[in-house]
Participant: 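My questions will all concern the structure given below.
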Amino acid sequence: MMRVLCLIGFGLVATTLGWPSFNDHIPNGDTVPNPCNPSLVWNGVGHLGPHGSGPRNQFGHDFMNFNKKWSDICRLDSDGDGRYNGLELGDPNCLWSTTNRNLTLPAFSHPGVCEPWDSPVCRSMNASLDCEADKVSTKCDQIDEPGVQKYDMFLNNYSIPLNEWSFVCRIFDLPTHADFHVIASKPINHHHSLLKKVAVYGCSPDMTPITRQGVFECSSIIAKPCQSLIAIMTPDQLDQGNCFPRDVGLQIGKTGFKQVLMKWTFVNPTKEQSTTEAGMSLYITQNLQKYNAGVAILEETYFSLPGNLPSYSVSSACPSSCTQLQMRSPVTIVAGVNVMRHFGVKQQVDVERNNRIYNSITKDTHYNVLDPTVFWYTTPVPVLPGDMLKLTCEYNTMNERNAVTWGMGPNQELCKTILIYYPKENWDDHHCESFKNIPLCALEIGESVFGCTYTGFMKALVSNPLYDMAKCAQSATCTDECLQQTRAARGTHCLSGDMYELWKLMARSLKNENLVTLYKALVTCEERYTTSLFEERSQRGRRHN
């Protein structure tokens, strides 16, 4: 589980985007709603493009003309829509300053864009508004360019199962004589009333090739080694397909994905007897694009949900310290899909910047376990080194009496989000995994988590006599002396709470003799240690009463 990051020679490239610092000079500068797509924010508030691109809008001109002084432009109506800048940015009394940042309401509209942006009054004012900047193409003109081939994968007269919901999978081999980029995908023979979804997942090229032949029934959840989302079609996308932004492609072939798992979802409540040849075409080219697309996975693991609760949330994070080290430069998120199992009701990923929520992506407030929403962002979402990615999953366990644990079992749960982004090379370690509420990446880069560091604990196993419990490890029972040593050891930061459970798991996978010996002793005394803590708390409670 634990991966070691090589930091030698790892150079952080400074971003060339200038607008984040300017956003700090105005209230709510990093949470201004995007007039073209209200679910996103407009990153470069003073520019015509949503990512700080293009020439300045009138608000940007006013901002520069008044020497970036907010108090001088607060009462101006830069965009001419009848609302002054302070009102739009949540500072109606013009009291905000860089030293008094908490005097604001949330920003509710854009000070540089006349809104509603497509209304008759605003249409002419917004003639230069670049709502199309960085949009994912739906026409996908690039599939008609020279050198683009169509690679078809489909079912062969397959009899649809007579179940209300069915998940059917097949492994396909991809061409490997050269490197290719997947630039688009479109469904094949998809006009069937029982077909709900078609998805393609890349199988890890580092694994031994999968030899399974033919079609087989599979789970609603895709597991390793085939969980890198490449393409997915839902009913509202089945006619247009998916198209990567121009200059972006996902690598397959010689040095990329060599196999894919395709999954079909069928809904057949009336048990209709029918066959299908549905599938998907990948549009591939040897004319490699400027940017490689990558697949990132955010995941919370080893959590537990209490039973009989209408709402219970778990969350994990890829902290800013991790993205600062893992990301060489900004990345752009093109698509995302949430993954929960039986009890999931809500899920989202928040992108936090400078301790504020900059964007909420994959925000699904009515999660359908059998048919999760697929988010293809009309305006792709940028993530910068130093941003925090926070994953939150909410569950309803009212129909389950017992606790629900994490895992792939029939009554277990997951909390995962799959993101497609580019450039792949800008995000070195793109699997952000948490053990309960412990971000593993933070331990991997040497950061202190709940007062414990990976290297510090490994050194202490050798040098700190507190952890020398070899004698207790050889004992079949927990003696009084071993109990006292256990209490002392488990009173340290690295062996408290969830950290104890993490190192316990690590003892099974790391070939560290000192760690294995320590845990043999601690496990022997687990029951007596837990009982002694309970008795102490009971005694304290009686004394207080």
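As a basis for the values below, the full set of heavy atoms in this structure was taken, side chains included, without hydrogen atoms, waters or symmetry mates.
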Participant: Hey, can you tell me if F167 and W165 have their rings parallel, tilted or perpendicular (30° and 60° cut-offs)?
Facilitator: parallel

Participant: Would you indicate whether F154, at its atom CZ, is surrounded by more than 12 heavy atoms from other residues, nucleotides or ligands within a distance under 6.0 Å?
Facilitator: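 No - once you tally the heavy atoms of other residues, nucleotides and ligands closer than 6.0 Å, there are 12 at most.
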
Participant: Do I230 and S185 have side-chain heavy atoms sitting under 4.5 Å apart?
Facilitator: no

Participant: Stepwise, does the side-chain contact (heavy atoms from CB on, under 4.5 Å) test hold for V339 with E299?
Facilitator: CA-CA 9 Å; V339 181; E299 186 173 12; over 6 Å; no

Participant: Does A278 have any side-chain contact (heavy atoms from CB on, under 4.5 Å) partners at least two apart in sequence or in another chain, and if so, which?
Facilitator: L195, W264, T276

Participant: Measuring only between side-chain heavy atoms, which start at C-beta, is H181 closer than 4.5 Å to F244?
Facilitator: no

Participant: Is there a side-chain contact between K68 and M64 in this structure, where contact means two heavy atoms from C-beta onward sitting under 4.5 Å apart?
Facilitator: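 Sidechains of M64 and K68: in contact.
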
Participant: Consider ring pair (Phe, Tyr, Trp, His ring centres under 6.0 Å). Of F343, Y302, F435, which one does W406 pass it with?
Facilitator: Y302

Participant: With heavy-atom distances below 4.5 Å as the criterion, would you say the side chains of F59 and I26 are in contact?
Facilitator: yes

Participant: Under 2.5 Å between the SG atoms of C432 and C322?
Facilitator: no

Participant: Do I333 and I361 touch side chain to side chain, with heavy atoms closer than 4.5 Å?
Facilitator: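 The answer is yes, as the side chains (C-beta and beyond) meet within the 4.5 Å cut-off.
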
Participant: Run the side-chain contact (heavy atoms from CB on, under 4.5 Å) test against D247 and tell me which residues pass, sequence neighbours left out.
Facilitator: K290, Y291

Participant: Atom NZ of residue position K390 - does it have more than 12 heavy atoms of other residues, nucleotides or ligands inside 6.0 Å?
Facilitator: no

Participant: Tell me every residue that passes side-chain contact (heavy atoms from CB on, under 4.5 Å) with T373, counting only those two or more places apart in sequence or in another chain.
Facilitator: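 Only D364, F375 meet the side-chain contact (heavy atoms from CB on, under 4.5 Å) criterion with T373.
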
Participant: Can you tell me if the gamma sulfurs of C218 and C169 sit closer than 2.5 Å?
Facilitator: yes

